[in-house]
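See below for the structure under consideration.
Just so you know, residue 1 is the first one in the sequence shown, and it goes up from there. Nothing here was measured: the structure is a model prediction, and the numbers come from that model.
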Amino acid sequence: MSRPQQALHALGRSRFVDDIPAPSGALHAAVSCSPHPHAGVRGLDTAAALAVEGVVGVLTARDIPGANAIGIVVGDEPLLAEDSVHYAGQPLALVLARNPEQARRGAAAIRLDAEPLPVMADPRRAREEGRLFAPARTFGCGDVEAAWSRCAHVVGGRVACGGQEQLYLETQSSLAIPRDDGSLLIHSSTQNPSGVQAAISRVLGVPMHQVEVDVGRVGGGFGGKESQASAWATLAALGARLSGQAVKLVLRRGEDMRMTGKRHPYQADFRIGLDPEGRILAYEVDFIQNAGAYTDLSLAVLERSLFHANGSYRIPNLRATGWSCRTNLPPFTAMRGFGAPQAAFVIEAAIRRAAGQSGIPAEQIQRLSLLDEDDHFHYGMAAERCQARRCWDQAHQDFGVERWRADVDGYNAAHPLSKKGLALTPICFGISFTHLPLNQGSALVHGYLDGSIGFSTGAVEMGQGVTAKLCRVAAASLGVPLERIRAETTNTTRVANGSASAASVTADLNGKALAKACGALRERLLQVAAEQLSAPVEGLSLKAGRVARAGRPTELSWEALVQSAYERRISLSAQAHYSTPGLEFDTTRQAGHPFAYHVYGTAVTEVRLDCLRGTYRIGPVRILHDAGASLHPEIDRGQVEGAVVQGIGWITSEELIYDAEGRLLTDALATYKIPDGPSSPEIEVRFLSDAAEPAGLLNAKAVGEPPFLYGVGAYTALLDAIGAFRPERDSALDAPLTPERVLMALVG
Ligand code: MTE
Ligand code: MOS
């Protein structure tokens, strides 16, 4: 294995797009964007920009040789605005200059002559006016209407949760290099190299084989570079194509925060019905999604909310309906969890509301309704190998929840102005892209004559550790030490038509393709070994850098075997393709088998609240997580810890504030508060034992997004603490539960 990613990061040696040395003569680009959230464009005056020292060109929509369309699903989004703008921050023109400062000065000099139009920021109003990206969609099971009358308690409410900035450390970046034959090499900080390639091909009007996208690593994506890296890569490509020079485009933090899409804010109306003991009998929810100005991935995000409407619970009568509403904000997009966190938030909020009104403890409602192995999801799929109850029970036992609860009660009795809250958060997350064709991956493996191995897949390394996992897969399959293996960059010329590294399935899809490719190479080489050793191939294997016979090492080393295969003119390369078996979904019945498997877990979250100030301290958070038979426990632990902190940020301190004109006011880390080291909780992660998942990669489960949902526990634990101070307070508060909002709940 080449030097591990983590070591390079720790040493400050990892290179990101802006660190790649640009060819001589390279130009730097800056983007001029709309100050108006909604306006008709009368004209764009670029003369002043061209007069700025160092500026060599200004490109507008008129300069686009192909289609002015970058939408990933629907072609509704222009790369550069033409006769109207639909959000503040929408790109209008690209300025090319000798250095980045000159380019920015040029961009600032561009004048937009616009006629302001009415601004729509409220998704409920947008829904009333029919501003939808698609007709409403409903998922469900049972008969909700008939069920209400059988419920002992029926409780309704309305709740909202906010959006969230992905806040990857590396801002959106790209470097486009023209080559002598007219083709382009693109370095892009993208989760989706093939998506970038397709967008550039469409916008430039050139075949895809003219565009090679290469990704060494991405400095964090969190969904924000699944569809939305394309615009910046395409702008750089456009500049390179038209100027004949390399073009680098790197957004500054504020630009990135203002111009790119984030997690969708949701509003929701719900109604939940319980039997006398507290079992959930019926649940109805309307998700009103603020989708922003263009479709982007909003419909897929909304679909995942519908899939995850039930949280981790068995709900025999369920109806979930979603509206994707068009507003004048930057198009909201993928972010870790992809619609599932919003759904988890609403059901957990609904359970608290029902607990408050029925007097049944929330924990009892949760426990009685946990999904079990013989249950079905509301979309028809059986909850096979369901681990919800095992996680819950083991969390209860391992973390001593009963005693913990008694300690919290004791603390609360002794402290009139400080209250603790405790909450359990069971999670469930379906693994697979819900857009069926995306569930495929490919790999290419080369054995070299010295016995070293290089492989390529469609997987993008963005800090989630997929490279280390893939190296383990290759090493296990070929029986060689990790030092022999190198993961190559993700490159559309070596591995074509890859899916975005997203939906937490990157390791599954690419790892299975890689295992297949390595397996083919192994079988070929073992044939050679059989001839060389004059032994039947059946008893041979590759182990610790040698050929083994009946499990015992022979004198034939991996290196000698590779040499021998080469001399016999046998290929040392292999390519393989994998597609997830058994997936199907009928969109007329909204039923089928959309996921390869589900990930489960339970978090126990404590908070301590200062009831005079509304300030709080979150933690400890103790988590019993189902990682299957983890392929890399250190990485998986890091993923769980990072996700839960990010989830807590979303539900507590991260607040997107726009002015009346739809302009983002919280466009810097001084005003947009993410969890920092000191405010992050103590986190304990344990993995469920005996949890091998046959549908996973080497029996491991995907881990990237599901633990984000544990963050909701900070919200419910805060409700618990607020309830200890003001028992009469009704408990459907909106998120994020900032200290300001908590204070208003305590005194309001
Ligand atoms: N972890 C780090 N360090 N950086 C990231 O950008 N993205 C998350 C998650 N964990 C991310 C991360 C998201 S949104 C997804 S979908 C998965 O990683 C994608 O990678 P995987 O499929 O390999 O889990
Ligand atoms: Mo993750 S939101 O699927 O990139």
(message) Check whether N192 reaches the backbone of E226 with its side chain - one donor and one acceptor, N or O, closer than 3.5 Å.
(response) yes
(message) For a quick check under 3.5 Å, do Q590 and R137 share a side-chain donor-acceptor pair by atom type?
(response) yes
(message) Is any side-chain heavy atom of L27 closer than 4.5 Å to one of S243?
(response) yes
(message) Restricting to side chain to side chain contact (heavy atoms under 4.5 Å, CB included), what partner residues turn up for R258, sequence neighbours left out?
(response) E255, D667
(message) Would you say S227 and T333 are linked by a side-chain donor-acceptor pair, where the criterion is simply a distance under 3.5 Å?
(response) yes
(request) Salt-bridge test for D45 and R111: reply yes if a basic N is under 4.0 Å from a carboxylate O, no otherwise. (result) no
(message) Please determine whether the number of non-hydrogen atoms from other residues, nucleotides or ligands lying under 6.0 Å from atom CZ of R62 exceeds 12.
(response) no
(message) Would you say R217 and T489 are linked by a side-chain donor-acceptor pair, where the criterion is simply a distance under 3.5 Å?
(response) no
(request) Mark yes or no for whether S194, through its side chain, and G498, through its backbone, hold a donor-acceptor pair below 3.5 Å. (result) yes
(message) Looking at D63, I'd like to know if its CG atom is crowded, meaning that more than 12 non-hydrogen atoms belonging to other residues, nucleotides or ligands lie closer than 6.0 Å.
(response) yes
(message) Taking the side chain as everything from C-beta on, heavy atoms only, tell me whether I651 gets closer than 4.5 Å to F345.
(response) yes
(message) Testing the 3.5 Å rule here: is there a donor-acceptor pair between the side chains of R158 and Q267?
(response) no
(message) Does the Lys NZ or Arg CZ of R263 fall within the cation-pi geometry relative to F708 - under 6.0 Å from the ring centre and within 45° of the axis?
(response) yes
(message) Given 3.5 Å as the limit, does a donor-acceptor pair link the side chain of D113 with the main chain of L44, or not?
(response) no
(request) Report yes or no: do D18 and S173 form a side-chain donor-acceptor pair below 3.5 Å? (result) no
(message) Closer than 3.5 angstrom, by distance alone: can the side chain of Q191 be matched with the main-chain N or O of S501 as a donor-acceptor pair?
(response) yes
(message) With a 3.5 Å distance limit and no angle check, can you tell me whether E461 reaches the backbone of V466 through a side-chain donor-acceptor pair?
(response) yes
(request) May I ask you to check whether E654 and Y672 show a side-chain donor-acceptor distance below 3.5 Å? (result) yes
(request) Tell me, yes or no, whether the heavy-atom count around R15 atom CZ, taken from other residues, nucleotides or ligands under 6.0 Å, exceeds 12. (result) no
(message) Regarding H187 and S174, do their side chains bring together a donor and an acceptor under 3.5 Å, going by distance alone?
(response) no
(message) Using side-chain heavy atoms (C-beta onward) and a distance below 4.5 Å, is W650 in contact with Q342?
(response) yes
(message) Check whether E705 reaches the backbone of G337 with its side chain - one donor and one acceptor, N or O, closer than 3.5 Å.
(response) yes
(message) For the backbone of Y266 and the side chain of N290, can you confirm whether one donor and one acceptor N or O come within less than 3.5 Å of each other?
(response) no
(message) With no hydrogens and no angle check, just 3.5 Å: does a side-chain donor-acceptor pair link S189 and K225?
(response) yes
(message) Checking the side chain of N328 only, and the main-chain atoms of G662 only, is there a donor and an acceptor separated by less than 3.5 Å?
(response) no
(message) Taking T171's backbone N and O only, do any of them form a donor-acceptor pair with R253's side chain (distance below 3.5 Å, no angle check)?
(response) no
(request) Ignoring hydrogens and angles, tell me if any N or O in the side chain of T492 forms a donor-acceptor pair with the backbone of V213 under 3.5 Å. (result) yes
(message) Just checking F332 against Y294, ring centres under 6.0 Å apart?
(response) no
(request) Answer yes or no: does atom CZ of R131 have more than 12 heavy-atom neighbours from other residues, nucleotides or ligands under 6.0 Å? (result) yes
(request) Only counting residues at least two apart or in another chain, list the ones meeting side-chain hydrogen bond (donor to acceptor under 3.5 Å, both in side chains) with D76. (result) T295
(message) I'd like to check the side-chain hydrogen bond (donor to acceptor under 3.5 Å, both in side chains) partners of E655; sequence neighbours left out, ordered by chain and number.
(response) none
